[in-house]
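Every heavy atom of this structure was used, including side-chain atoms; hydrogens, water molecules and symmetry mates were not.
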Amino acid sequence: MSLLKDFKDFLIKGNALELAVGVITAGAFGAVVNSLVKDVLMPPIGLALGNVDFTNLYVVLNKAAVNVPAGTTLAEAQKMGAVTLAYGSFIMTIISFIIISLCIFLVIRAITKAREGSKKNEKPADPT
């Protein structure tokens, strides 16, 4: 019974709860950023580059074994048995990573400035 009580105490403590909230929030934030990159940023970039669809940018690695006609989508090429290097998806993942890193940097910077601001408002301790 002591083990259950200890586990319950651990879960109720702030650190475990804050960690759980952080993980859930990070997962949701990652999904939002991925959608931002895939659905909002990459279509105009692809349009500006001449109607490039980044999700279908790939290289067939086993060209001798599988004949993939030009204009075939990545999913179709993979169904045909082609071994592909999907560099378009990799580009989108890098852009997502950069956006997430920038957001984390801005949040940490704001927290640091807020902490510095609260320290400025503190009165210095009286000399003893």
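There is a path of hydrophobic side-chain contacts, each under 4.5 Å, that joins Y87 to L41. Residue V23 is not grouped with residue I104 when hydrophobic side chains (ILVMFWY) are merged at heavy-atom distances under 4.5 angstrom, including chains of intermediate members. Both V40 and I91 are members of a single hydrophobic cluster when ILVMFWY side chains are connected at heavy-atom separations under 4.5 Å.
Counting non-hydrogen atoms of neighbouring residues, nucleotides and ligands closer than 6.0 angstrom, the CZ atom of F29 exceeds 12 such neighbours.
Side chain of N62 to backbone of A82: no donor-acceptor contact under 3.5 angstrom is found. Using modelled atom types, no side-chain atom of S35 and backbone atom of A31 make a donor-acceptor pair closer than 3.5 Å.
Contact check for N34 versus D39: no side-chain heavy atoms found under the 4.5 Å cut-off. Side-chain contact check for K38 versus S89: every heavy-atom pair is 4.5 Å or farther apart. Using a 4.5 Å cut-off on side-chain heavy atoms (C-beta onward), V52 and L57 make contact. In this structure, the side chains of I95 and M42 come closer than 4.5 Å at one or more pairs of heavy atoms. Put simply, the side chain of T84 does not reach to within 4.5 Å of the side chain of V59, judged on heavy atoms. You'll find the side chain of L74 stays beyond 4.5 Å of the side chain of T55, heavy atoms only.
In this structure, L36 CG and C103 SG are separated by 8.5 Å, a value rounded to the nearest 0.5 Å. Rounded to the nearest 0.5 angstrom, L106 CG and S101 OG are separated by 11.0 Å. Distance check: F54 CZ to F90 CZ gives 13.5 Å after rounding to the nearest 0.5 Å. Taking CD1 from I94 and CD1 from I99, the interatomic distance works out to 12.5 Å, rounded to the nearest 0.5 Å. Of the inter-residue distances, the one linking Q78 atom CD with M80 atom CE reads 12.0 Å to the nearest 0.5 angstrom.
For the side chain to side chain contact (heavy atoms under 4.5 Å, CB included) criterion with I100, the lone passing option out of V37, V33, V32 is V33.
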**Study point:** Pair Y58-T72, side-chain contact (heavy atoms from CB on, under 4.5 Å): steps then yes or no
**Key:** CA-CA 10 Å; Y58 64 94; T72 305; 3.6 Å; yes
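Remark: the T73 side chain and the N56 side chain contain no N/O donor-acceptor pair separated by less than 3.5 Å.
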